2 protein chains.
Amino acid sequence: MSAEIHKKIRVILADDHPVVRDGLAAMVNQQPDMEVVAEAGDGDAAIALYEERQPDVMVLDLRMPKRDGLAVVQRVMEINPKARLLIMTTYDGDEDIFQCLSHGAKGYILKDVPRQEILSAIRAVSEDRPYTSSTVAAKALQRMAKPSLTERELDVLELVAQGRSNKDIARRLSITEGTAKTHVKSILTKLDAISRTEAVAVAHKRGLIRL
Amino acid sequence: MSAEIHKKIRVILADDHPVVRDGLAAMVNQQPDMEVVAEAGDGDAAIALYEERQPDVMVLDLRMPKRDGLAVVQRVMEINPKARLLIMTTYDGDEDIFQCLSHGAKGYILKDVPRQEILSAIRAVSEDRPYTSSTVAAKALQRMAKPSLTERELDVLELVAQGRSNKDIARRLSITEGTAKTHVKSILTKLDAISRTEAVAVAHKRGLIRL
DNA sequence: ACGCACCTCTCCCTATAGAGAGAGGAATGA
DNA sequence: TCATTCCTCTCTCTATAGGGAGAGGTGCGT
């Protein structure tokens with residue numbers, strides 16, 4: 001083996017699909033300048049392995065069992081504010097992108113990008129350079145111009161998305177029906193929707209809710 | 001243990017994520033009894049390559065550009081009613097499973113299964129034995145007890161899911177509002193939902209609509 | 001102490017949704 | 001031919017949704 005002066009980029013892969021981990025690991029380990037030091041199949045494992053192995057880069061899927069990618073980003077950034085995290089996922093909703101990037105993820109790419117781009121992204125992030133494709137970045141910028149929902153509104157939105165009536169929502173949240181309507185109304189306004197069903201469609205597209 | 005004079009199982013992989021194809025291809029090619037003879041990144045390519053290479057097994061993702069997995073199943077079964085297709089996807093809705101299996105797919109597995117199970121499934125399907133994990137099979141059976149939506153109802157459902165009003169739906173489908181309401185009503189009955197928003201939630205869970 | 005955002009509640013009003021009970025025409029297959 | 005399913009349309013009636021315009025309480029940061 002040729003003695004490299006520089007250390008290899010140490011990578012952790014976190015994705016709940018074994019096949020994806022295999023594919024990525026093979027790609028990464030084939031590169032002379034990087035290596036996979038651990039793999040995680042859920043969010044808790046990702047956090048534990050991050051602390052244990054202190055990798056240069058962690059590649060994260062968003063939807064994982066136990067703890068989703070965003071929660072992992074938040075926790076890891078608490079542990080190490082200089083962590084270098086690359087989100088690699090199929091979800092391209094404004095909200096997911098915006099939340100991950102604003103919580104400190106260094107890059108965000110979609111799973112359908114060509115092999116080479118994934119490796120470029122890992123290298124960029126390892127050097128603390130942000131890597132986000134232009135379409136993804138555009139969505140994050142769009143999202144910044146949109147009003148955020150409050151926590152309570154998100155509570156209500158989730159129930160609306162389940163098809164609950166205002167009366168039902170009120171009961172579940174221990175508020176009056178009128179208050180539930182008030183929340184629904186501001187949700188409609190913020191999402192620029194005419195009906196609750198349209199609000200659900202918009203919210204889903206933006207990644208505000210997971211059905 | 002009979003001498004292995006048999007030809008290898010010839011496999012085509014169809015998935016729009018290069019990483020997944022890589023992972024699968026590596027796994028398959030590592031086996032002594034199977035080999036990948038082609039890879040497709042979209043539905044049209046999958047069909048074209050199937051005809052050209054006549055593989056023993058085609059592994060299919062459901063959501064692909066140009067033509068989705070179900071459409072590929074339908075087309076390939078027309079071309080060759082004895083085709084051996086294995087669906088490998090993240091979507092576990094009743095409808096997807098039911099439709100694929102009833103159109104002749106031999107197996108249906110989820111992407112989060114362990115490596116070994118994927119290989120077992122490919123071997124089973126290559127021998128024309130059905131392979132479907134118990135939880136997936138259970139959903140297909142559940143689905144059989146549920147009423148199907150008509151084509152027109154699916155048209156309406158899609159617009160309902162976009163948040164359109166009955167009046168709007170009527171305009172777009174060139175029918176009266178009353179007729180739109182009739183369709184919505186039977187959708188609600190068939191999906192066992194109280195409101196249109198709940199119907200959308202149920203339809204999404206079952207895989208009747210893609211948001 | 002003040003503004004500010006949020007959550008809560010109220011009253012009134014109109015538009016829409018959804019239940020119920022039909023009925024006619026077209027296509028399909030037994 | 002007959003039975004069935006689907007699509008279309010009509011009617012009435014009630015419940016719910018959603019717009020408008022407030023107002024009182026909290027907690028927060030300045």
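Naming: A, B, ... by sequence-line order, numbering from 1 per chain. The structure presented is a predicted model; accordingly, all values stated were derived computationally and were not measured. Any value given below was found using the heavy atoms of this structure, including those in side chains, with hydrogens, waters and symmetry copies removed.
- The side-chain heavy atoms of B:Leu13 and B:Val11, taken from C-beta on, include a pair separated by under 4.5 Å.
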After noting the C-alpha distance and the side-chain angles of A:Arg63 and B:Thr90, does the key distance pass the side-chain contact (heavy atoms from CB on, under 4.5 Å) rule?
CA-CA 11 Å; A:Arg63 195 173 299 188; B:Thr90 59; over 6 Å; no
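- Each end of the helix from C:dA1-D:dT30 to C:dA30-D:dT1 gets its own rotation axis from five pairs of C1' atoms, and the angle between them is 50° to the nearest 10 degrees.
- In this structure, the side chains of A:Thr89 and A:Tyr108 come closer than 4.5 Å at one or more pairs of heavy atoms.
- The nearest whole Å value for the distance from the CD atom in B:Glu153 to the P atom in D:dT8 is 10 Å.
- Here the options are A:Lys146, A:Lys205, A:Arg143, the test is salt bridge (Lys or Arg N to Asp or Glu O under 4.0 Å), and the partner is A:Asp94; only A:Lys146 passes.
- From the 5' end on, the contacts that DNA chain C makes with chain A at under 4.0 Å to a non-hydrogen atom open and close at C:dC6 to C:dT10.
- Judged by the 6.0 Å and 45° rule, B:Arg210 forms a cation-pi pair with B:Tyr91.
- Among the atoms of the strands shown, only primed sugar atoms or phosphate atoms (P, OP1, OP2) are found under 4.0 Å from some heavy atom of B:Thr150.
- Residues B:Leu85 and B:Val125 form no side-chain contact, since every pair of their non-hydrogen atoms from C-beta on lies 4.5 Å or further apart.
- A pairwise comparison of heavy atoms in A:Glu117 and A:Ser133 identifies OE2-CB, 4.0 Å as the closest pair.
- Note: CD (A:Glu151) to P (D:dC28) measures 13 Å, nearest angstrom.
- Counting heavy atoms from C-beta outward, B:Lys190 and B:Thr150 have side chains that approach closer than 4.5 Å.
- Taking atom CD1 on B:Ile187 and atom P on D:dC7, their separation rounds to 10 Å, with Å as the unit.
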Nucleotides 13-27 of chain D: protein proximity per nucleotide (B base, S sugar-phosphate only, - neither; heavy atom, under 4.0 Å):
---SBBBB-------
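- When side chains are defined from C-beta on, A:Val73 does not count as touching A:Gln99, because their heavy atoms never get closer than 4.5 Å.
- With B:Arg84 contributing its side chain and B:Asp56 its backbone, the two residues share no donor-acceptor pair below 3.5 Å.
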